[in-house]
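Computed from a predicted structure; not experimentally measured. In the text below, chain A, chain B and the rest are named by the order of the sequence lines, each starting its count at 1.
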Amino acid sequence: MGNQVSDSPFHLQGSKMDLLSGLNPEQRAAVELPARSALILAGAGSGKTRVLTTRIAYLISNGLVSPSGVLAVTFTNKASKEMQARLSAMLPINTRSMWIGTFHGLCNRLLRAHYREANLPQTFQILDSSDQQSAIKRVMKALNVDDEKYPPRELQNFIGRNKEQGLRAHEVEAYDPYTRRKIEVFAAYDEQCQREGVVDFSELLLRCYELLSRNQQLREHYQERFKHILVDEFQDTNPLQYRWLKLLAGQSNALFAVGDDDQSIYAFRGANVGNMQELLRDFHVENVIKLEQNYRSHGNILDAANALISRNRNRLGKELWTAEHKGEPLRVYEAPTDMDEARFIADEVRHLHREGVALSEMAVLYRSNAQSRALEHALVAAGVSYRVYGGQRFYERQEIKHALAYLRLLVNQDDDNSLLRVINFPTRGIGARSIEQLQESAKQYNTTLFDAAARMGGKVTGFVGLIEEMRSATANLPLPEIVDHVLAHSGLMANYQNETGAKKHEAQERIDNLNELLNAATLFVHENEDDSLVAFLTHATLEAGEHQAEAGSDALHLMTVHAAKGLEFHSVFISGLEEGLFPHQNSQNEDGGLDEERRLMYVALTRARRRLYLTFAQSRMLHGQVNYNMMSSFLRELPDELLQWLSPRLTQRTPSAFRAYSPPAAGSTKLPPAPPAPVKEGAWRIGQRVFHQKFGEGTITGLEGNGTEGRVQVNFKHAGSKWLALEYAKLTSA
DNA sequence: ATGACATCGTTTTTT
DNA sequence: ACGATGTCAT
C-alpha cells in the first residue's frame, strides 16, 4: 500500500492533467485504459494503490462514470479506508456515494438491503471465527459427533473451505463415511445458523452470491449500476469471491483487477492465484499492464528480490527496477543462538536509532509468532521500545464479547451463541444442569433457547426478564446510552468492580475496556450515518479493530512477514532465516508450499527501503527444545555479491569463540544454554553427508544432543527427511 | 462455582 | 516453553 503519497501531493484537484501528472507511462496507461476489463500486474512498491485510486478519480472527473457507478473492493478495512481517504483528497465530491469496501462489508450491505430476498432476519448477526467454532461445537453435540475423531477445528475448515468454493452441504462430494459425517455436520450447522438468524464470514459471501445469482431482477439492477468494478490485491481472491465479481461484472461491465502473483501468500486460507489467469480468459483481457518500476527500495534490495523470486515456476513474469542507486549491500549475520541473534538485532537497532533512524522506521520480521519472545527479551534488556503486532484485538476481548452478547440479544433473541455466553455471566445460579434442561426443552419444542427459557421458570426466566427489561428500556435511546444501560444493568460492570485481591488489576483493565466500548459507540455515532445498534454490532464483527490499540510513540515494529505485507520501513531485519523455520517445515509437504514460502521471503525483502539485515541462528529454542538448523536455502538463493557477511562463518570457529557470546552464568547453578555442539572427535555435524543401511545416502540437517548421543535429522536422497536416534541408527560417513 | 492440575498443540490470518 | 483449554475435586 501507500508509498508514493509523500512524493506526489495532489494539491491540484480535479482536472485530467493534474491527476495524471507524476505518473510513469505504465501507471498512466493503466489509469487511462478504456472501459474494458484489465489486469494490472503491480509489483511491490510500484504504486498500485495510487493507480487504483487515480483510475477511479480519472473516470469520475472525466464524466466516464458517476460516483454511484463505481464499486471498489478490498480485502481489509484498512485498505478500504485508505482508498476512501485518498479519493476524498483527489476528488471534490463526497466519496460516501461510492461503494468502497471489503468483500464482506459490501456483501453485508447488499444482504441488509435485501434481507427478505436473502431469507434473513433484518437484524441478522455475524459470527466471527470463535463464535463459529462454538456454534459448530453445539451442532456436534446435538448430533453426537465424536470430537476426538472430528476436531471442531477441522469441521470449521471443512465448512469454510467448501463455502469458499461456493458449495453447500448437499453439493459436497461424499468420498467416504468420514466425509459424509462431516457433510451432515455442515448441513446441520447451516440449519442452526438459519434458525438463530446468524451468518458466518463465508456465509456472508455465499449468501450474497446466491442472492444475486438467483434473483434476476436484483442482479440486473446492480449490473446496470456498477459499470466499473475495481479490485485490489486480486491475487488474494478465493474462488467464491471471483465468481461474485464475475456475476456483478456481467457481460459488459469493466473489471479492473490489480494484483501481484509474486505476493500471493494466502493460499493457505483459500486464496487462488489461478484467478489471475482465469480473469485473462474469462474476460478476454487483451493486454496486461505491468508496473515494474519500484519507488521504494534501493537497487541491491530489488536485485536480491528479483533473483530470489525468479526461481519460482508459473509466474506471470515481472522484474522490479528502480531509478535509484544500488545502495548498500544486504547485511547477513549468523548467530550462535536465537538469543544472540536477538541481542545483535537489538544492538543494531540502537545504533541505527542513534544515527537518526526513527524506531518506527525499522521493523523486525519473522516467520512465526513464537520467535518474538527472544526478540522482546533482548529489546527490553537493551531498552528499545517496540510494538508487537498481531495480539488480541479489541472486540475479541472476553469482556467486550460478553457485552456484545447482551447487545445482540436485544436485537436478536434467537442468537443462542450469545445467550449461552451470558446466561450465567455474571453468575446468576444457572449451572450446567439448567442449561442442559434448556437445550432439551428447546429441542423438544423446536424453538430457540430464549423461547425455551421463557417457558422454564425460575432463575432462567429471570434472565429472560432481564433481557426484555433492557430491551424495552433502551428501545428509543441513542446508541451510546443503550450501551451504557446494558453495561450497568446486565451486571457486567458491577461484576468486575466487585473483584478484589489478586484479580483486581485484571478486573480494572476489563472495566477500562468496557468504558472504551462506550467511547467506541459514541465515536461510531459521530462517524456513521446509520448509527443503529445493529450497525454497531456489525461493525464490531466486521471491523474488529486494530491489532495493536496504542499508536503514537516512536517504537520498533515486530511482526510476522505476513503482517508486514503492504508496509515499508527504512530498515528491515528478517530474522530466523533457517531451514525448517523459513521456509517452514510444514510447507515441504504441501504442494506449491515452497514456492509460497519463497513469495513470502520476496514480500519480506521488498519491505525495506534502504537497509536490510538477514539473520539466522545455529541453535534455536523452539517448543521447549533446542533445535539446530541449517541456514535457510533462501539465503543461498541470493546472489553472493549483494551480501555482506557481518559474522565470520561460525562453523569455522573454535569452541572458545562461542564463550564470548554466552550469557554470564553468575550465581546460577543452571548451565548456560548449550553452545552449538563444539564438534568433538567422531561426532556428527550438520551438513555432513552420511549413509544409512536402509535409507541410503543423505545429509544431516538437524541435530539434538552433542553429536555422539541424541538424535540427528537426516534428509535422505530417496527416503525423505527423518529423525534417527544415534544410539540405534548405524550411520556411516558417506 | 472455582481453583488446582493435566493435557494438548504449536505457520502464516482477514473478514 | 508456554498458553489455552478441559477435568476434577472441593
Side-chain angles (χ1 to χ4, degrees), chain A residues 73-80 101-108 126-134 137 147-148 151-153 157 160 163-164 199-206 208 232-233 236-238 240-241 264-271 338 365-374 377 389-393 395-396 398 424-434 501-503 538-547 559-566 576 580-590 593 596-597 599-601 603-604 620-627 673:
Chain A
V73 196
T74 64
F75 274 85
T76 64
N77 293 299
K78 194 175 160 211
S80 114
T102 63
F103 278 102
H104 294 84
L106 295 165
C107 286
N108 172 66
I126 302 165
L127 303 184
D128 69 15
S129 334
S130 69
D131 297 332
Q132 186 188 24
Q133 186 148 51
S134 16
K137 282 183 185 159
D147 60 1
E148 298 268 275
R153 250 335 275 257
N157 284 334
K163 286 188 181 180
E164 280 162 12
V199 298
D200 61 46
F201 286 131
S202 29
E203 182 69 26
L204 223 37
L205 284 152
L206 182 53
C208 185
D232 193 16
E233 305 277 18
D236 289 338
T237 50
N238 66 35
L240 177 59
Q241 287 161 337
S264 161
I265 55 173
Y266 287 115
F268 72 91
R269 68 177 197 210
D338 49 346
L365 309 184
Y366 36 79
R367 179 64 180 79
S368 63
N369 287 304
Q371 288 166 251
S372 72
R373 190 167 296 280
H377 186 85
Y389 285 74
Q392 207 186 21
R393 297 147 95 198
Y395 289 107
E396 286 167 359
Q398 184 207 105
N424 197 35
F425 193 98
T427 51
R428 28 178 90 85
I430 300 174
R433 259 193 61 70
S434 315
K503 280 191 170 173
T538 301
H539 158 87
T541 318
L542 248 30
E543 304 171 46
E546 295 285 317
H547 253 309
M559 64 184 89
T560 63
V561 181
H562 282 93
K565 190 178 156 205
L581 230 206
F582 196 4
H584 197 276
Q585 188 64 57
N586 297 6
S587 69
Q588 306 266 287
N589 313 319
E590 303 154 19
E596 176 141 325
E597 292 289 306
R599 291 193 292 269
L600 197 52
M601 180 67 179
V603 167
R620 180 176 300 276
M621 186 71 112
L622 195 64
H623 312 320
Q625 279 208 313
V626 179
N627 288 260

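- Contacts of S202(A) with the nucleic acid, taken as non-hydrogen atoms under 4.0 Å apart, are absent.
- Dashed line: the shortest gap from a side-chain N or O of N77(A) to OP1 or OP2 of dT14(B) is not under 4.0 Å.
- No contact: D200(A) has no heavy atom under 4.0 Å from any strand.
- D128(A) comes within 4.0 angstrom of nothing in the nucleic acid, heavy atoms only.
- Of the candidate nucleotides dT13(B), dT15(B), dT12(B), dT13(B) has the atom nearest to the side chain of A563(A).
- Annotation for S202(A) and E164(A): closest pair CB-CG, 4.5 Å, computed over non-hydrogen atoms.
- Put simply, CD on E148(A) is 12 Å from P on dG6(C), counting in whole angstrom units.
- At dT11(B), none of the side-chain N or O atoms of N369(A) fall inside 4.0 Å of OP1 or OP2 (strictly under the cut-off).
- Not one side-chain nitrogen or oxygen of N238(A) sits closer than 4.0 Å to the OP1 or OP2 atom of dT15(B).
- Distance D147(A) CG to dC8(B) P: 13 Å, rounded to the nearest Å.
- The number of heavy-atom neighbours closer than 6.0 Å to CZ of R153(A), taken from other residues, nucleotides and ligands shown, is 12 or below.
- Looking at which nucleotide of DNA chain B each of T541(A) and G431(A) is closest to, the 5′-most match is held by G431(A).
- The shortest heavy-atom contact between N108(A) and I126(A) is OD1-CD1, 3.8 Å.
- Using a 4.0 Å heavy-atom criterion, one finds that Y266(A) contacts the sugar-phosphate atoms exclusively.
- Ion pairing between a basic and an acidic side chain is recognised when a charged N comes within 4.0 Å of a carboxylate O; D128(A) and R393(A) show no such pairing.
- Taking atom CG of N586(A) as the reference point, atom C1' of dT11(B) lies 6 Å away to the nearest angstrom.
- When the P atom of dG6(C) is taken as reference, atom CD of Q133(A) falls 9 Å away, rounded to whole Å.
- No hydrogens or angles were tested; on distance alone, nothing pairs the side chain of S587(A) with the base of dT11(B) as donor and acceptor under 3.5 Å.
- Looking at the side chain of R393(A), the nearest of the listed nucleotides dT15(B), dT10(B), dT12(B) is dT15(B).
- Going from atom CG of N627(A) over to atom C1' of dA1(C) covers 12 Å, rounded to whole Å.
- The aromatic rings of Y266(A) and H562(A) are tilted relative to each other, their planes meeting at an angle between 30° and 60°.
- Comparing dA1(B), dT14(B), dT11(B) by their nearest atom to the side chain of T427(A) picks out dA1(B).
- Stacking here means ring centres nearer than 5.5 Å and ring planes tilted less than 30 degrees, and by that measure H584(A) stacks onto dT11(B).
- Under the 4.0 Å criterion applied to side-chain N and carboxylate O atoms, R367(A) and E597(A) are assigned as salt-bridge partners.
- Residue-level contact check: E590(A) touches the bases, meaning some heavy atom is under 4.0 Å from a base atom.
- The residue F268(A) sits close to a base: some heavy atom pair falls under 4.0 Å.
- Per the geometry, CG belonging to L581(A) stands 16 Å off P belonging to dT10(B), to the nearest Å.
- Checking dA1(C), dT15(B), dT12(B) against the side-chain heavy atoms of M621(A) singles out dA1(C) as nearest.
- Side-chain nitrogen and oxygen atoms of S129(A) include none within less than 4.0 Å of the OP1 or OP2 phosphate oxygen of dT15(B).
- Rounded to a whole Å, the OH atom of Y366(A) is 14 Å from the C1' atom of dT13(B).
- Remark: P of dT14(B) and CG of L205(A) are 16 Å apart, rounded to the nearest angstrom.
- Backbone-only engagement by N424(A) is indicated by non-hydrogen atom pairs under 4.0 Å involving sugar-phosphate atoms exclusively.
- Contacts of K137(A) with the nucleic acid, taken as non-hydrogen atoms under 4.0 Å apart, involve only primed sugar atoms and P, OP1 or OP2.
- Considering all non-hydrogen atoms of both residues, H584(A) and S587(A) come closest at O-OG, 2.6 Å.
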